[in-house]
Trainee: 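One structure, as structure tokens, below. Some questions next.
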Amino acid sequence: MKHFLSIADQSPQEMRRLLGLAIELKEERRQRGNNHSLLAGKTLGMVFQKPSLRTRVSFEMAMIHLGGQALYLSPFEIQLGERESVPDVARVLSRYVDAIMARVFGHQDILTLTEYSRVPVINGLSDYNHPCQGMADFLTIVEKKGSDLSGRKLAFIGDGNNVATSLLFGAAKLGMDFAIAGPPGYELPADVWQLGQQFAATSGSHLLATNDPAAAVAGADIIYTDVWASMGQEEEKEERARTFGPYQVNADLVAQAKEDVIVMHCLPAHRGQEITDEVADGPHSVLWDQAENRMHAQKAILVDLLT
Ligand code: CP
Ligand code: NVA
């Protein structure tokens with residue numbers, strides 16, 4: 001059975017096909033005021049171990065626009081792995097719904113869900129990666145920079161986290177150059193970097209991991225940042241705020257990239273930390289188009305898995 005767990009599992013052709021479908025569905029809704037009911041009678045169970053604005057609402061609206069329905073299950077309801085084991089949740093929930101979307105702490109819980117589920121599973125963020133975010137981000141990049149992404153450079157400034165992982169995988173699959181700059185000790189995990197290198201060897205992407213933000217943004221078409229402390233790392237917040245200080249995306253840093261650089265952030269943003277108000281609200285920012293594109297990219301993923 002097909003699932004959607006990581007951009008690493010997608011071939012470049014599959015990625016491009018999904019992005020093309022997302023563009024079609026976005027355009028269809030713009031022209032007709034709605035989408036065709038491709039998912040009539042279909043249901044999506046959405047399991048959350050963590051809070052969400054974008055993931056929850058964009059998936060729910062995607063299902064509604066496509067004629068289906070989504071059911072939100074808050075962290076207090078299922079209590080994945082606490083009230084009931086992950087395999088038992090997968091066994092039961094997958095008898096009620098046509099697909100499961102889950103946002104979890106440990107990525108292993110996503111893998112366990114797929115093992116015991118009768119229906120497709122979508123990763124709505126784990127500590128390992130955030131593939132739906134990544135697909136929405138490449139959709140945004142295609143819209144802003146054109147469909148030939150080879151040789152374009154994405155610079156990620158900050159923590160080597162779940163979002164950075166999905167961006168590395170996608171960039172390396174699509175032939176984009178990828179640079180990441182963060183403080184020592186907060187690099188992408190070695191196995192993630194190795195996988196990125198494998199994809200880059202096939203696509204021709206150039207990869208750079210550095211502690212120097214200026215080196216990362218030199219010649220960049222896209223500057224991307226994310227929170228310094230992810231959900232589940234609240235206890236490290238103060239320490240990370242001190243360590244990541246030199247890695248703020250501010251006007252000075254943006255000025256060192258290409259003149260027409262776009263600035264991206266998956267949101268929620270901690271303004272004044274990883275990004276300044278001036279940049280988030282400034283002329284290079286594409287934050288709101290990027291957030292909107294979560295819905296369009298996920299429609300493509302849902303249609304692909306459910307039809
Ligand atoms: N970017 C993102 O996943 O946002 P939420 O945490 O609000 O879903
Ligand atoms: N890296 C962040 C992304 C939030 C959408 C987190 O995991 O909290």
Side-chain angles (χ1 to χ4, degrees), residues 4-7 22 44 46-63 70 72-75 80 100-110 122-141 154 156-170 180-183 186-189 192 222-237 239-241 243-244 247-249 263-271 273-275 280 285-299 301-302:
F4 188 80
L5 309 184
S6 172
I7 289 183
L44 176 70
M46 308 193 295
V47 181
F48 283 86
Q49 282 187 327
K50 299 173 179 174
S52 169
L53 164 59
R54 279 145 291 272
T55 304
R56 186 255 159 102
V57 181
S58 60
F59 263 108
E60 190 157 341
M61 292 308 120
M63 285 302 291
Y72 171 66
L73 297 157
S74 81
L80 194 66
I100 295 172
M101 189 277 290
R103 163 166 288 193
V104 302
F105 286 98
H107 189 67
Q108 183 54 48
D109 284 348
I110 293 281
I122 300 170
N123 178 4
L125 179 148
S126 67
D127 58 354
Y128 174 51
N129 64 357
H130 196 0
C132 298
Q133 181 69 53
M135 292 303 291
D137 296 339
F138 290 106
L139 173 59
T140 309
I141 293 169
L154 192 165
F156 185 95
I157 308 298
D159 188 25
N161 64 13
N162 44 8
V163 171
T165 294
S166 289
L167 293 171
L168 166 67
F169 291 158
I180 181 164
Y186 295 92
E187 291 87 2
L188 281 164
V192 166
I222 301 117
I223 296 178
Y224 200 116
T225 190
D226 184 14
V227 291
W228 292 337
S230 286
M231 292 180 276
Q233 297 173 332
E234 286 76 11
E235 282 173 17
E236 299 172 34
K237 234 177 180 162
E239 190 192 329
R240 283 171 174 261
T243 312
F244 280 82
Y247 297 90
Q248 184 184 64
V249 174
V263 174
M264 303 181 74
H265 190 312
C266 57
L267 303 173
H270 291 113
R271 288 161 173 260
Q273 288 203 2
E274 75 274 2
I275 192 164
S285 166
V286 299
L287 268 48
W288 322 118
D289 292 334
Q290 186 187 352
E292 178 187 328
N293 277 339
R294 289 293 304 275
M295 183 171 75
H296 305 299
Q298 287 156 197
K299 281 181 184 174
I301 294 166
L302 289 164

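Whatever order the structure lists them in is the order used to number ligands and atoms, beginning at 1.
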Trainee: With the threshold set at under 4.0 angstrom, would you say Leu267 reaches ligand 1 through any of its heavy atoms?
Mentor: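 Heavy atoms of Leu267 do come under 4.0 Å of ligand 1.
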
Trainee: Would you say ligand 2 has an N or O under 3.5 Å from any N or O of Arg103?
Mentor: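 No: no nitrogen or oxygen of Arg103 is under 3.5 Å from one in ligand 2.
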
Trainee: What's the separation between atom CG in Leu125 and atom CE in Met231, rounded to the nearest 0.5 Å?
Mentor: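 Atom-to-atom, Leu125:CG and Met231:CE are 5.0 Å apart.
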
Trainee: Using a 4.0 Å heavy-atom cut-off, which part of Asp159 comes near ligand 2: side chain, backbone, both, or neither?
Mentor: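 No part of Asp159 is near ligand 2 at this cut-off.
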
Trainee: Quick check on contacts: which atoms of ligand 1 are under 4.0 angstrom from a heavy atom of His130?
Mentor: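 Heavy-atom distances to His130 below 4.0 Å select 2 (C), 3 (O).
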
Trainee: With a cut-off of 4.0 Å, which atoms of ligand 2 are near a heavy atom of Leu267?
Mentor: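 Contacts of ligand 2 toward Leu267, numbered from 1: 5 (C).
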
Trainee: For atom 8 (O) of ligand 2, what's the nearest protein heavy atom and its distance?
Mentor: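 Minimum-distance protein heavy atom for atom 8 (O) of ligand 2 reads Met231 N, 2.8 Å.
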
Trainee: Can you find an N or O of Lys50 that's nearer than 3.5 Å to an N or O of ligand 2?
Mentor: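 No, no N or O pair falls under 3.5 Å.
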
Trainee: Quick one: which of Cys132, Cys266, Ala291, Gly124 has a heavy atom closest to atom 1 (N) of ligand 1?
Mentor: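 The option holding the nearest heavy atom is Cys266.
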
Trainee: Which value, rounded to the nearest 0.5 Å, describes the distance between Cys266 atom SG and Leu167 atom CG?
Mentor: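 These two atoms lie 8.5 Å from each other.
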
Trainee: Please confirm whether Phe244 and Tyr186 have ring centers closer than 6.0 angstrom.
Mentor: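 Ring centres of Tyr186 and Phe244 closer than 6.0 Å.
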
Trainee: Under 4.0 Å from any heavy atom of Leu125, which atoms of ligand 2 are there?
Mentor: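 Numbered from 1, ligand 2 contributes 3 (C), 4 (C), 5 (C), 7 (O).
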
Trainee: Could you tell me the residue and atom name of the protein heavy atom closest to atom 7 (O) of ligand 2, and the distance to it rounded to 0.1 Å?
Mentor: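 The protein heavy atom lying closest is Asn162 ND2, 2.8 Å.
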
Trainee: Does an N or O anywhere in Leu53 fall below 3.5 Å from an N or O of ligand 1?
Mentor: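 Looking only at distances, the answer is yes, because the N/O contact criterion of under 3.5 Å is met.
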
Trainee: To check you understand the geometry: which heavy-atom pair defines the closest contact between Asn129 and Ser166, and what is its length?
Mentor: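 Scanning both residues, the minimum pair turns out to be CB-OG, 3.4 Å.
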
Trainee: Would you mind checking which non-hydrogen protein atom is closest to atom 2 (C) of ligand 1, with the distance to 0.1 Å?
Mentor: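 Of the protein heavy atoms, Arg294 NH1, 3.3 Å lies nearest.
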
Trainee: Relative to ligand 1, is Lys50 under 4.0 angstrom through side chain, backbone, both or neither, heavy atoms considered?
Mentor: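 The answer is neither; Lys50 stays 4.0 Å or more away.
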
Trainee: Should His130 be counted as touching ligand 2, given the test is an N or O pair under 3.5 Å?
Mentor: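 No; every N/O pair is 3.5 Å or more apart.
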
Trainee: If you draw a 6.0 Å radius around CD in Glu234, do more than 12 non-hydrogen atoms from other residues or ligands fall strictly inside?
Mentor: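 Above 12, so yes.
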
Trainee: Considering only heavy atoms, does Arg103 approach ligand 1 within less than 4.0 Å through its side chain, its backbone, both, or neither?
Mentor: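 The answer is the side chain of Arg103.
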
Trainee: Checking a contact table here: which protein heavy atom is nearest atom 4 (O) of ligand 1, and how many Å away?
Mentor: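 Nearest protein contact, heavy atoms only, for atom 4 (O) of ligand 1 is Arg54 NE, 2.8 Å.
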
Trainee: So, taking the atom named CD in Glu274 and the one named CD1 in Ile157, what distance separates them when rounded to the nearest 0.5 Å?
Mentor: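 Result: 12.0 Å between the selected atoms.
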
Trainee: Asp226 heavy atoms, cut-off 4.0 Å: which ligand 2 atoms fall inside?
Mentor: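 So the atoms of ligand 2 that pass are 1 (N), 2 (C), 3 (C).
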
Trainee: So do the side chains of Ile110 and Tyr128 get within less than 4.5 Å of each other, counting heavy atoms only?
Mentor: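 No, their side chains stay 4.5 Å or more apart.
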
Trainee: Would Asp289 and Thr140 satisfy side chain to side chain donor-acceptor pair (under 3.5 Å), going step by step from the backbone distance to the final call?
Mentor: CA-CA 7 Å; Asp289 292 334; Thr140 309; over 6 Å; no

Trainee: Tell me, please: is Thr55 in heavy-atom contact with ligand 2, that is, under 4.0 Å?
Mentor: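 No, that is not the case, since the closest heavy atom of the residue is not under 4.0 Å from the ligand.
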
Trainee: Can you confirm, on distance only, whether ligand 1 has an N/O atom lying under 3.5 Å from any N/O atom belonging to Thr55?
Mentor: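 Among all N and O atoms of Thr55, at least one is under 3.5 Å from an N or O of ligand 1.
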
Trainee: Give the ring-plane orientation class for Phe48 versus Tyr72, where under 30° counts as parallel, over 60° as perpendicular and anything between as tilted.
Mentor: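 Aromatic pair Phe48/Tyr72 classed tilted.
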
Trainee: Rounded to the nearest 0.5 Å, what separation is found between the CE atom of Met295 and the SG atom of Cys132?
Mentor: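 Going from CE on Met295 over to SG on Cys132, the span is 14.0 Å.
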
Trainee: Between Pro268 and ligand 2, is there a nitrogen or oxygen pair with a distance under 3.5 Å?
Mentor: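 For ligand 2, there is no N or O atom that lies under 3.5 Å from one belonging to Pro268.
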
Trainee: To the nearest 0.5 Å, what is the distance between CZ (Phe4) and CD1 (Ile301)?
Mentor: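 Result: 4.0 Å between the selected atoms.
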
Trainee: Is the shortest heavy-atom distance from the side chain of Asp137 to the side chain of Leu154 under 4.5 Å?
Mentor: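 No; the side chains remain at least 4.5 Å from each other.
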
